[in-house]
Amino acid sequence: MKFGIEFVPNEPIYKLEYLVRLAEDVGFDYVWITDHYNNKDVYQTLAILAESTSTIKLGPGVTNPYVRNPAITAASIATLDDLSGGRATLGIGPGDKATFDALGIEWTKPVSTIRSAVDTFRTLLGGDKTASGAQLGGVKAAQEKVPIYQGAQGPKMLETAGEIADGVLINASNPKDYGAAIPLIEKGAKSAGKSLADIDVGAYTATSIAKDSAKAANAAKIVVAFIAAGSPPPVFERHGLPGDTGAKFGGFLAKGDFGGAIGAVNDELLDAFSVVGTPDEFIPKIKALEEGGVTQFVAGSPIGPNKEDSIKLLGKVISSY
Ligand SMILES: C[C@H](OP(=O)(O)OC[C@@H](O)[C@@H](O)[C@@H](O)Cn1c2nc(=O)[nH]c(=O)c-2cc2ccc(O)cc21)C(=O)N[C@@H](CCC(=O)N[C@@H](CCC(=O)O)C(=O)O)C(=O)O
């Protein structure tokens, strides 16, 4: 099992730099930096992280092909790869509606747009010219092939990821979600003459680890409330949750009733939408994901009540895994 960690670049860069160096020291293999227009710029953040680390692989987790032209993303990734001595990875997803509404960008044909963007990345990062004549001249990726991961949830996106990407990052924390996703990824891989073994299946989980189980659970509740509010009905069905779960949490959050939302998160919801607990409680949960076909466990927000302590505890999990 590989281990990744996710950070949202919305805190002082020196703090993020410290936490990522700590993650590298305790044994994480990947760091993924989220990309939303209203946070710090993902590539400037990654450049700083590249300078202050030496082994951890790093990249956007995930950017999208709408806010930046794919050729600009390819140049940014080639620059990151150059800066980091060949440690760049590229996480690409269809982006989210809230972003495009706020920026007045039309969100059309996400599957075809991702497909075309990945084709452009592979052409430019490989040093070739696109059909429209774009070519990277002043910057070249350090490594032969920058791995491209696709952020995906929907069935078509999952199948596309299996077909065209080297890895997939799935916003899900429970083995039941991978039971549904993996056959689609495998179908896509096979359609491209690959096998599931060629795809790094990343579980982009809502993680919260602490020495005290209850404190770990409490730190995850608000994140679980947002995930529940944004999940489609088939997900609730898969987890045996009431069909109105999304509307219930959507209602709390729309009113700004975060206390009500947190109070309504029970153990069933925590189990469905997060990985929480003490280090000893974490190991069997990661094992269950691995048995379900996950090959990279990504510790996503909130990570725990105290990020620094939780990264150290995750280091214990990694070293004993
Ligand atoms: C578009 C959407 O795909 P999805 O994979 O479910 O998208 C949900 C999320 O993955 C997407 O919003 C991501 O960008 C969210 N996301 C992030 N989004 C961000 O904006 N920033 C981030 O940092 C970020 C991180 C992240 C990490 C992991 C992860 O899994 C997702 C992450 C969807 O609806 N897909 C459906 C329908 C696809 C569709 O629209 N099909 C049409 C059009 C087909 C065509 O495009 O040609 C059709 O069939 O006609 C499907 O896959 O079946």
Side-chain angles (χ1 to χ4, degrees), residues 4-10 16 30-43 45-46 58-68 70 73 76-77 89-103 105-119 148-174 177-178 180-185 187-188 199-207 223 226-227 229-235 238 246 273-275 289 294 296-303:
I5 189 164
E6 172 230 30
F7 289 104
V8 178
N10 59 3
L16 200 53
Y30 290 81
V31 56
W32 299 100
I33 303 298
T34 62
D35 181 15
H36 295 94
Y37 78 96
N38 49 352
N39 289 329
K40 285 183 170 63
D41 176 79
V42 67
Y43 292 111
T45 302
L46 284 162
L58 68 173
V62 296
T63 188
N64 71 75
Y66 294 89
V67 296
R68 284 184 195 88
T73 295
S76 299
I77 286 295
T89 59
L90 169 52
I92 178 88
D96 60 29
K97 195 170 174 329
T99 295
F100 302 130
D101 289 349
L103 301 186
I105 293 175
E106 210 192 340
W107 194 22
T108 52
K109 301 192 81 54
V111 174
S112 337
T113 305
I114 286 279
R115 201 180 272 283
S116 151
V118 169
D119 190 41
I148 296 176
Y149 284 67
Q150 205 182 309
Q153 254 91 20
K156 284 194 177 159
M157 276 300 173
L158 288 165
E159 197 175 323
T160 306
E163 183 194 337
I164 65 174
D166 303 301
V168 57
L169 297 169
I170 304 174
N171 253 335
S173 302
N174 186 288
D177 301 305
Y178 293 91
I182 293 226
L184 291 161
I185 298 167
K187 186 177 167 208
I199 311 290
D200 186 9
V201 178
Y204 220 82
T205 67
T207 281
V223 174
F226 273 94
I227 294 172
S231 295
V235 170
R238 185 186 303 153
F273 296 125
S274 65
V275 181
L289 286 166
V294 169
Q296 180 177 156
F297 178 85
V298 180
S301 305
I303 302 179

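Just so you know, ligand 1 is whichever comes first in the structure, and atom 1 is the first atom listed for that ligand. Counting begins at 1 with the first residue of the sequence.
- Rounding to the nearest 0.5 Å gives a distance of 13.5 Å between CD1 of Ile199 and CD of Gln296.
- Look at Leu169 and you'll find a heavy atom under 4.0 Å from some atom of ligand 1.
- Nearest protein heavy-atom contact of atom 47 (O) of ligand 1 is Ser112 OG, 2.3 Å.
- Ring geometry for Phe100 versus Trp107: interplanar angle of 30 to 60°, hence tilted.
- Rounded to the nearest 0.5 angstrom, Asp177 CG and Ser231 OG are separated by 8.5 Å.
- The closest approach between a heavy atom of Thr99 and any atom of ligand 1 is not below 4.0 Å.
- Below 3.5 Å of separation, one finds an N or O of Lys156 facing an N or O of ligand 1.
- The shortest N or O to N or O distance between Gly93 and ligand 1 is not below 3.5 Å.
- Here the heavy atom of the protein found nearest to atom 23 (O) of ligand 1 is Asp35 N, 2.9 Å.
- Taking OH of Tyr37 as the start and CG of Leu103 as the end, the distance is 6.0 Å to the nearest 0.5 Å.
- Contacts between Thr160 and ligand 1, counted as non-hydrogen atom pairs separated by less than 4.0 Å, are absent for every part of the residue.
- Taking a cut-off of under 4.0 Å to the non-hydrogen atoms of Asp96, the atoms of ligand 1 that pass are 20 (O).
- The nearest protein heavy atom to atom 45 (C) of ligand 1 is closer than 4.0 Å.
- Contact analysis leaves Trp32 out of contact with ligand 1, as no non-hydrogen atom separation drops below 4.0 angstrom.
- For ligand 1, the atoms closer than 4.0 angstrom to any heavy atom of Ile170 are 30 (O).
- For atom 33 (C) of ligand 1, the closest non-hydrogen atom of the protein is Met157 CG, 4.8 Å.
- Of the inter-residue distances, the one linking Ile170 atom CD1 with Gln153 atom CD reads 7.5 Å to the nearest 0.5 angstrom.
- For atom 31 (C) of ligand 1, the nearest protein heavy atom (residue, atom name, distance) is Asn171 ND2, 3.4 Å.
- For Tyr149, no heavy-atom contact with ligand 1 is shorter than 4.0 Å.
- Side-chain atoms of Tyr178 come within 3.5 Å of backbone N or O of Ala172 as a donor-acceptor pair.
- If you check the side chains of Glu6 and Ser301, you find a donor sitting under 3.5 Å from an acceptor.
- Nearest protein heavy-atom contact of atom 22 (C) of ligand 1 is Val62 O, 3.2 Å.
- Between the Tyr204 side chain and the Gly61 main chain, a donor and an acceptor come within less than 3.5 Å of each other.
- Counted by atom type alone, Thr89 and Tyr149 present zero donor-acceptor pairs between their side chains at under 3.5 Å.
- To the nearest 0.5 Å, atoms CD (Glu106) and CG (Asp101) are separated by 11.0 Å.
- The backbone N or O of Ile92 lies less than 3.5 Å from no partner atom in the side chain of Thr63, so there is not a single donor-acceptor pair.
- Looking only at heavy atoms of the protein, atom 14 (O) of ligand 1 is closest to Gly95 N, 2.8 Å.
- Among Gly202, Gly230, Pro60, Gly61, the residue whose heavy atom sits closest to atom 25 (C) of ligand 1 is Gly61.
- Distances from atom 42 (C) of ligand 1 to the protein include no heavy-atom value under 4.0 Å.
- Of the protein's non-hydrogen atoms, Gln153 OE1, 2.8 Å is the one closest to atom 10 (O) of ligand 1.
- When the options Thr34, Val111, Leu158 are ranked by their closest heavy atom to atom 38 (C) of ligand 1, first place goes to Val111.
- Contact annotation: for His36 versus ligand 1, heavy atoms closer than 4.0 Å belong to the side chain alone.
- For atom 6 (O) of ligand 1, the closest heavy atom belonging to the protein is Gly154 N, 2.9 Å.
- The local environment of NZ in Lys187 is sparse, with at most 12 non-hydrogen atoms from other residues, nucleotides or ligands closer than 6.0 Å.
- With respect to Pro9, the side-chain contact (heavy atoms from CB on, under 4.5 Å) criterion is satisfied by exactly one of Asp41, Leu46, Ile33: Ile33.
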